[in-house]
Amino acid sequence: QVQLVESGGVLVQPEGSLRLSCAASGNIVSINTMGWYRQAPGKQRELVATRTTVGSTNYADSVKGRFTISRDNAKNTVYLQMNSLKPEDTAVYYCNYHRLTYDSWGQGTQVTVSS
């Protein structure tokens with residue numbers, strides 16, 4: 001199993017910036033995908049961004065140009081740099097580890113964008 005611990009969620013003003021971190025531990029396979037999803041109140045969980053160990057990335061259209069996903073494979077850690085934040089980015093952000101048919105989720109970290 002893989003355990004994920006997220007950090008970095010806070011209250012931030014519109015147009016502000018924030019970086020989320022997620023550290024993975026446990027039975028980590030070298031080839032995997034890690035990423036971020038989010039769930040706003042009353043909405044389904046949606047993909048934000050993912051990144052494979054070899055660097056391939058995937059972003060939701062709504063965050064392209066504003067968010068950047070990166071990872072430190074040696075530390076099994078993935079980051080989400082969020083710039084130009086908007087109120088509609090308010091959500092619980094979940095870290096995900098994916099390998100073939102296996103998925104692990106973090107507990108989530110709240111990001112609130114409000115003035």
Side-chain angles (χ1 to χ4, degrees):
Q1 288 189 344
V2 174
Q3 295 78 42
L4 302 171
V5 178
E6 302 121 329
S7 61
V10 292
L11 170 65
V12 62
Q13 292 188 342
E15 295 304 314
S17 297
L18 191 62
R19 189 175 85 153
L20 304 182
S21 300
C22 172
S25 61
N27 188 21
I28 298 166
V29 179
S30 59
I31 305 298
N32 61 69
T33 300
M34 291 184 69
W36 295 91
Y37 292 71
R38 67 187 181 187
Q39 187 167 17
K43 295 187 177 181
Q44 290 187 333
R45 189 174 298 187
E46 63 177 4
L47 176 144
V48 177
T50 61
R51 188 179 181 105
T52 69
T53 44
V54 295
S56 296
T57 57
N58 184 32
Y59 290 93
D61 288 342
S62 60
V63 306
K64 285 180 180 177
R66 300 188 298 124
F67 292 9
T68 302
I69 188 169
S70 61
R71 58 187 294 175
D72 184 334
N73 292 330
K75 295 181 179 180
N76 294 314
T77 300
V78 65
Y79 306 95
L80 185 67
Q81 177 66 43
M82 304 186 289
N83 298 327
S84 302
L85 282 160
K86 304 175 181 180
E88 51 263 43
D89 294 317
T90 295
V92 178
Y93 283 70
Y94 295 92
C95 181
N96 171 263
Y97 169 97
H98 174 77
R99 161 76 177 173
L100 298 178
T101 59
Y102 176 79
D103 279 280
S104 179
W105 295 91
Q107 291 185 331
T109 185
Q110 176 71 47
V111 173
T112 302
V113 184
S114 175
S115 55

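Separating the CD atom in Q81 from the CG atom in L18 is a distance of 8.0 Å, to the nearest 0.5 Å. Between atom OG1 of residue T52 and atom CG of residue N58 there is a gap of 10.5 Å, rounded to the nearest 0.5 Å. To the nearest 0.5 Å, atom OG1 of residue T68 and atom CZ of residue R19 are 11.5 Å apart. Rounded to the nearest 0.5 Å, atoms CE (M34) and CG (L80) are 12.0 Å apart. For the atom pair CG (N73) and OG1 (T53), the distance works out to 6.0 Å, reported to the nearest 0.5 Å.
Remark: Q39 engages no residue in a side-chain hydrogen bond (donor to acceptor under 3.5 Å, both in side chains) (not counting sequence neighbours). By the side-chain hydrogen bond (donor to acceptor under 3.5 Å, both in side chains) test, Y97 is found to be paired with no residue, residues two or more places apart in sequence or in another chain being considered. For E15, there are no side-chain hydrogen bond (donor to acceptor under 3.5 Å, both in side chains) partners two or more places apart in sequence or in a different chain. S84 pairs by the side-chain hydrogen bond (donor to acceptor under 3.5 Å, both in side chains) definition with nothing, not counting sequence neighbours.
A 4.5 Å side-chain heavy-atom check between Y94 and R45 finds at least one atom pair inside the cut-off. Considering only heavy atoms from C-beta on, L20 stays 4.5 Å or farther from E6 through its side chain.
Taking Ile, Leu, Val, Met, Phe, Trp and Tyr as hydrophobic and joining them when side-chain heavy atoms fall under 4.5 Å apart, one finds L100 isolated, its cluster having no other members. Using a 4.5 Å cut-off between side-chain heavy atoms of Ile, Leu, Val, Met, Phe, Trp and Tyr, V5 forms no hydrophobic cluster with any other residue.
Every pair passing ring pair (Phe, Tyr, Trp, His ring centres under 6.0 Å) that includes a residue from residues 11-59 is listed here, sequence neighbours excluded: Y37-W105. The stretch residues 96-115 participates, sequence neighbours left out, in no salt bridge (charged side-chain N to carboxylate O under 4.0 Å, His left out) pair at all. Note on residues 26-44: pairs passing salt bridge (charged side-chain N to carboxylate O under 4.0 Å, His left out), not counting sequence neighbours, are R38-E46, R38-D89. Residue pairs meeting the ring pair (Phe, Tyr, Trp, His ring centres under 6.0 Å) criterion with at least one partner in residues 61-81, sequence neighbours excluded, do not occur; the list is empty.
Remark: Q1 CD is loosely packed, at most 12 non-hydrogen atoms of other residues, nucleotides or ligands lying under 6.0 Å away.
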Which pairs would a plain distance check flag for residues 26-33, meaning a side-chain donor or acceptor within less than 3.5 Å of a matching protein atom at least two apart in sequence or in another chain?
{"from": "N32", "atom 1": "OD1", "to": "R71", "atom 2": "NH1", "distance (Å)": "3.3"}
{"from": "N32", "atom 1": "OD1", "to": "R71", "atom 2": "NH2", "distance (Å)": "2.7"}
{"from": "N32", "atom 1": "ND2", "to": "V29", "atom 2": "O", "distance (Å)": "2.6"}

Pair up each side-chain donor or acceptor in residues 106-115 with any protein partner under 3.5 Å, not counting sequence neighbours, and list the distances.
{"from": "T109", "atom 1": "OG1", "to": "G9", "atom 2": "N", "distance (Å)": "3.1"}
{"from": "Q110", "atom 1": "NE2", "to": "A91", "atom 2": "O", "distance (Å)": "3.4"}
{"from": "Q110", "atom 1": "NE2", "to": "T112", "atom 2": "OG1", "distance (Å)": "3.3"}

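Both V92 and L47 sit in one connected hydrophobic cluster of ILVMFWY residues. Membership requires side-chain heavy atoms under 4.5 Å apart, directly or through other members. Under the 4.5 Å side-chain contact rule for hydrophobic residues, V78 and Y102 share a cluster. When the side chains of ILVMFWY residues are joined at heavy-atom separations under 4.5 Å, either directly or via intervening members, V10 and V63 end up in a single hydrophobic cluster.
Minimum interatomic distance between V2 and S104 (heavy atoms only, all atoms of both residues): O-OG, 2.6 Å.
Here the side chain of Y93 pairs no donor or acceptor atom with the backbone of V48 at under 3.5 angstrom.
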